[in-house]
Amino acid sequence: MIATVPKKESTPKDIMPINGTDYLELYVGNAKQAAHFYKTAFGFQSLAYAGLATGLKDRESYVVGQDKIRLVLTTPLKSGTKIGEHIDNHGDGVKVIALWVDDATISFHSAVERGARPYMKPTREEDKDGYVIRSGIYTYGETVHIFVERKNYSGTFLPGYQKWETPHYNPTSVGLKYVDHMVGNVELGRMDYWVEFYEKVMGFTQILSFDDKDISTEYTALMSKVMSNGNGKIKFPINEPAAGMKKSQVEEYLDFYEGEGVQHIAVATDDIVTTVLQLRSRGIEFLRVPTTYYDTLLDRVGKIDEDLQPLKDLGILVDRDDDGYLLQIFTKPIEPRPTMFFEIIQRKGANSFGKGNFKALFEAIEREQELRGTL
Ligand code: FE2
């Protein structure tokens, strides 16, 4: 168990330079309504659109943004499509984790040479605002990474999309800033395979690991390894289930997602109390830990800048590592299947993921599983 995260600088040895997360594409049953949900409940703004009105015949995509976060919500317009099949198998979920790179052609070829399974050959797409080159490889389950090279593009999102303007309905932002990390759930025994994939194919390094001794309750357990890219901007924890007395949350996910996939998207804010108050008033439901969590919190984490009462009222969790502390809270799953959820995180120096909260959190998840009858 590594207690701290080593500071990393981008070096010439970085075999896969990545500037950041470019966008996340979710395949969903109703992209128009999903876009409304992300605007209304999560404070995203209308950004771009592609569909019948832009000449597409088979699908429609709505793009919403909040600071550096971009979500693409895509729905097929007819039966028998790959997108429809994905939704049939998995429910709504993340298909694409797109990574912003300087050269999508080199990224693709170097990944494929190192063993990645190709998803999309380097493809040049252009419109009046310039051109973008995209390429893609498969990762766990049916999830893919798309490399986006956009240095020669000045348009709103990507060629083929038009600006999406909604003059009469633009709920305010809730202060979400960027994707902090994205967690993948993989099948039993497959964590090390995917750790090696990110090391070998993408040049990532493992910065943390947790085993079932760190992450277990009376009933459930999981193991996790956190992979990070050369400049540390991309962090992908990978979970696999560990044997417990009852069904673990990772197993529940794998059963309902019908395979491996993205478990949660952690999004950062500079002011978690204001963000969570906003989200709560807009209908987002969060996991709650017992209020006794707060009785010993300050003994555990030491002095923090925030008042304890609002954290307690909202159910915000706190954890400390060698570099500082973090505040975090988790939503309930955001679709009918108990699969994907969001984490809201505010980092105050800490580079870790809230290990000190795992036990309280997993007990909260188990209470939800109990209600679902899936424990
Ligand atoms: Fe997380």
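Numbering of ligands and ligand atoms starts at 1, following listing order. The chain is numbered in sequence order, starting from 1.
Residues passing the side chain to side chain donor-acceptor pair (under 3.5 Å) test with Lys151, sequence neighbours excluded: Glu149. Checked against salt bridge (charged side-chain N to carboxylate O under 4.0 Å, His left out), Asp67 has the following partners two or more places apart in sequence or in another chain: Lys177. Remark: Trp164 engages Tyr62 in a ring pair (Phe, Tyr, Trp, His ring centres under 6.0 Å) (not counting sequence neighbours).
With waters left out, the protein N, O or S atoms under 2.8 Å from the Fe ion (ligand 1) add up to 3.
Taking both residues in full, the closest heavy atoms of Ser61 and Val72 are given as CB-CG1, 4.0 Å, listed atom of the first, atom of the second, then distance.
Between the Arg347 side chain and the Ser352 main chain, a donor and an acceptor come within less than 3.5 Å of each other. Between the side chain of Asn229 and the backbone N or O of Ile234, at least one donor-acceptor pair lies under 3.5 Å.
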